[in-house]
Number of protein chains: 2
Amino acid sequence: MRDLTRLKSLQALEASARHGSFVGAAAELDVTPPAVGQLVRSLEDWVGYPLFRRSRSGAERLTPVDEAQDALDDIAEGLDLLETGLRKLRGRKARSVVVVTASQALVANWLLARLDDFSTNYPTIDVRLDVSDRVIDLAQGEADVGIRCGLGSWKGVKSTFLMSEEIIAVCHNRLLPVDRDVTAGWIVDQTLIHDGTPHPGGDFPTWAEWLARSGANQVPSERGLRINSTAAVIQAAVAARGVALVRKALVAQELDSGRLVHLLPNVRWPVKWAYYIVAAPKALRRYEIAAFHDWLVARPR
Amino acid sequence: MRDLTRLKSLQALEASARHGSFVGAAAELDVTPPAVGQLVRSLEDWVGYPLFRRSRSGAERLTPVDEAQDALDDIAEGLDLLETGLRKLRGRKARSVVVVTASQALVANWLLARLDDFSTNYPTIDVRLDVSDRVIDLAQGEADVGIRCGLGSWKGVKSTFLMSEEIIAVCHNRLLPVDRDVTAGWIVDQTLIHDGTPHPGGDFPTWAEWLARSGANQVPSERGLRINSTAAVIQAAVAARGVALVRKALVAQELDSGRLVHLLPNVRWPVKWAYYIVAAPKALRRYEIAAFHDWLVARPR
DNA sequence: GCTCACGACAAAGATTTTCTTTCTTTGCGG
DNA sequence: CCGCAAAGAAAGAAAATCTTTGTCGTGAGC
């Protein structure tokens with residue numbers, strides 16, 4: 001008959017001792033520092049004496065009291081064994097699959113470049129990409145996880161912010177004028193590629209709006225290319241067919257490679273839409289779904 | 001950087017494996033069986049396969065699947081170490097004190113007889129008895145724990161049912177008639193000891209009420225002893241001063257010893273008041289308070 | 001063959017625990 | 001002297017855990 005309570009507090013205690021601070025422990029436990037502080041103090045209430053000496057400054061803010069050291073060794077070893085046990089439980093699963101849905105533009109221009117890192121970290125989890133430009137019903141299990149660009153408030157799913165977005169003007173480096181700087185006037189004279197896909201509530205600019213903010217004296221006509229596919233708009237820009245207004249995140253690689261060039265970078269046009277990873281709460285109870293979710297949320301953009 | 005979640009589920013899993021049922025595990029963890037079932041199933045969702053083979057009958061309702069056995073060994077050992085660590089943390093405390101308040105009658109006739117068992121089980125915890133016939137304000141910290149007889153709904157404290165109560169008629173064995181049975185008629189002719197202490201809402205009978213239920217043909221006058229102290233009423237009965245109506249729990253020892261005799265046992269008079277252990281929620285966060293509380297709740301009456 | 005007991009299971013709602021957010025305090029370093 | 005970092009506290013929100021109720025399946029006993 002085991003007599004064991006306050007598991008979460010023991011975990012918080014051990015992580016705080018190991019890191020020397022609640023801040024360090026909080027980062028490991030994926031909670032806020034006050035949360036760790038509360039857990040440790042509740043344990044101190046329980047045992048009836050302080051478990052740390054506190055320092056209000058310096059690198060080592062918490063020092064375990066001598067009376068706790070012996071116990072901390074047992075607790076650390078115990079938690080190590082629990083982690084080993086949990087890993088063994090997970091390790092017995094045959095390969096598992098995560099179905100990720102995202103738009104063609106997002107998959108091709110952003111997500112694919114990152115999936116190698118996921119497979120490296122999680123070799124037993126297969127990712128299946130379900131490319132779709134319509135909003136997949138995750139609550140109905142049509143996919144496990146979605147990467148979406150939008151306002152973030154979709155029904156029936158948990159959405160977690162990844163990064164914000166802004167609209168920039170780009171063109172192929174071949175199109176750049178050789179003998180003068182790029183100006184709004186220069187842009188007006190190029191073939192303008194219009195993205196016809198709807199972005200409700202997203203504050204996407206038209207070329208007219210963007211150029212007005214850029215200081216252009218004349219407003220362009222609606223001539224040029226009009227494509228109702230964001231992926232195709234980017235491809236047209238990459239193919240040097242004209243100048244395009246695009247979402248910055250989707251052309252990051254092309255910008256890095258120099259193939260596309262960011263025109264008039266001082267003109268900022270942040271939008272309300274941002275990138276989120278979304279999943280049904282029920283799906284997140286599965287290890288592989290939570291693993292993918294947590295991996296994407298944790299990695300730098 | 002440790003990666004450990006679902007501690008509660010691991011604990012539920014291990015206890016279920018060790019007991020072979022959720023019912024057994026629930027008893028150990030002090031929760032209901034469905035609670036254990038939910039914890040285990042959430043872990044099964046997490047790892048993606050069943051961890052037990054279920055049997056709908058027989059003594060062994062749950063059998064760990066082969067894949068889980070290896071992990072269960074680690075988890076069991078890990079939990080053992082955590083328990084050891086927690087015990088070491090508690091063990092470092094100097095002696096601690098629990099202040100228990102109860103009425104004179106309850107302390108003298110019930111609680112004192114049980115405290116040896118507590119001290120045996122918890123040698124480092126001192127109990128200080130605060131005898132008081134008024135209702136101590138536990139929320140204000142006037143005492144840590146109270147044993148009370150009442151309706152159970154006191155403000156600002158957690159109350160836990162201990163046992164119910166009934167009113168019985170008793171007298172010293174010296175007073176018993178030698179040559180005939182005890183009848184209601186016989187009782188009417190004795191010195192009746194009246195308990196004058198108030199019992200609001202408790203359904204305590206007067207002698208008149210009790211005797212009416214006993215089949216007495218005549219109703220006694222209000223003569224006899226009238227004492228406004230339950231403890232003194234019991235002492236008067238023990239001193240053979242007359243026949244008393246008393247709370248059965250408070251005279252259990254005297255009944256067991258034969259000194260007092262339960263008259264007309266077929267006359268039952270259960271009351272709405274029952275015995276509860278009460279404590280402020282904040283006090284229960286201290287180990288020694290929770291230990292006393294859990295000890296009293298768990299022991300047979 | 002029927003009834004009862006036992007325990008897993010599921011659903012829904014209640015309760016408790018954990019967590020976040022906001023603000024304050026303290027002390028050290030620049 | 002100011003800025004920074006982290007602990008601490010309080011209040012409220014969110015999530016996890018738990019309880020209650022009822023169902024189902026199976027075996028034992030009558």
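Proteins come first, then strands; the chains are lettered A, B, ... in the order of their sequence lines, and each starts at number 1.
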query = Donor-acceptor pair, A:Arg114 side chain versus A:Trp110 backbone, under 3.5 Å?
reply = yes

What nucleotide among [options] has an atom nearest to a side-chain atom of [X]?
X       : options               : result
B:Pro34 : D:dA7, C:dA10, C:dA8  : C:dA10
B:Lys8  : C:dT22, D:dC18, C:dA8 : D:dC18
A:Phe22 : C:dT20, D:dA7, C:dT18 : D:dA7

query = What nucleic acid atoms does A:Ser21 come within less than 4.0 Å of, heavy atoms only: base, sugar-phosphate, or nothing?
reply = sugar-phosphate

Lys/Arg cation over aromatic B:Trp46: A:Arg285, 6.0 Å, 45° cone = no

message = Tell me whether A:Arg148 forms a cation-pi arrangement with A:Tyr276, defined as NZ or CZ under 6.0 Å from the six-membered ring centre and within 45 degrees of its axis.
response = no

Spacing between [X] atom [atom1] and [N] atom [atom2], to the nearest angstrom:
X        : N      : atom1 : atom2 : answer
B:Trp46  : D:dA16 : CH2   : C1'   : 14 Å
B:Leu43  : D:dT17 : CG    : C1'   : 15 Å
A:Leu39  : D:dA9  : CG    : P     : 14 Å
B:Arg41  : D:dT17 : CZ    : P     : 14 Å
B:Lys158 : D:dC18 : NZ    : C1'   : 12 Å
A:His19  : D:dA5  : NE2   : P     : 19 Å
B:Leu284 : C:dT16 : CG    : C1'   : 13 Å
B:Arg6   : D:dA15 : CZ    : P     : 14 Å

inquiry  = Is there a side-chain contact between B:Arg61 and the phosphate of C:dC6, meaning an N or O under 4.0 Å from OP1 or OP2?
reply    = no

Geometric class of the B:Tyr122/B:Phe118 ring pair [parallel <30°, tilted 30-60°, perpendicular >60°] = parallel

note = Walking DNA chain C from its 5' end, the first of A:Val31 and B:Gly37 to be reached, judged by nearest nucleotide, is B:Gly37

inquiry  = Quiz question: going by heavy-atom distance under 3.5 Å, is there a donor-acceptor pair between the base of C:dC9 and the side chain of B:Gln38?
reply    = no

message = Between B:Asp203 and B:Trp269, is there a side-chain donor-acceptor contact under 3.5 Å, judged purely by atom types and distance?
response = no

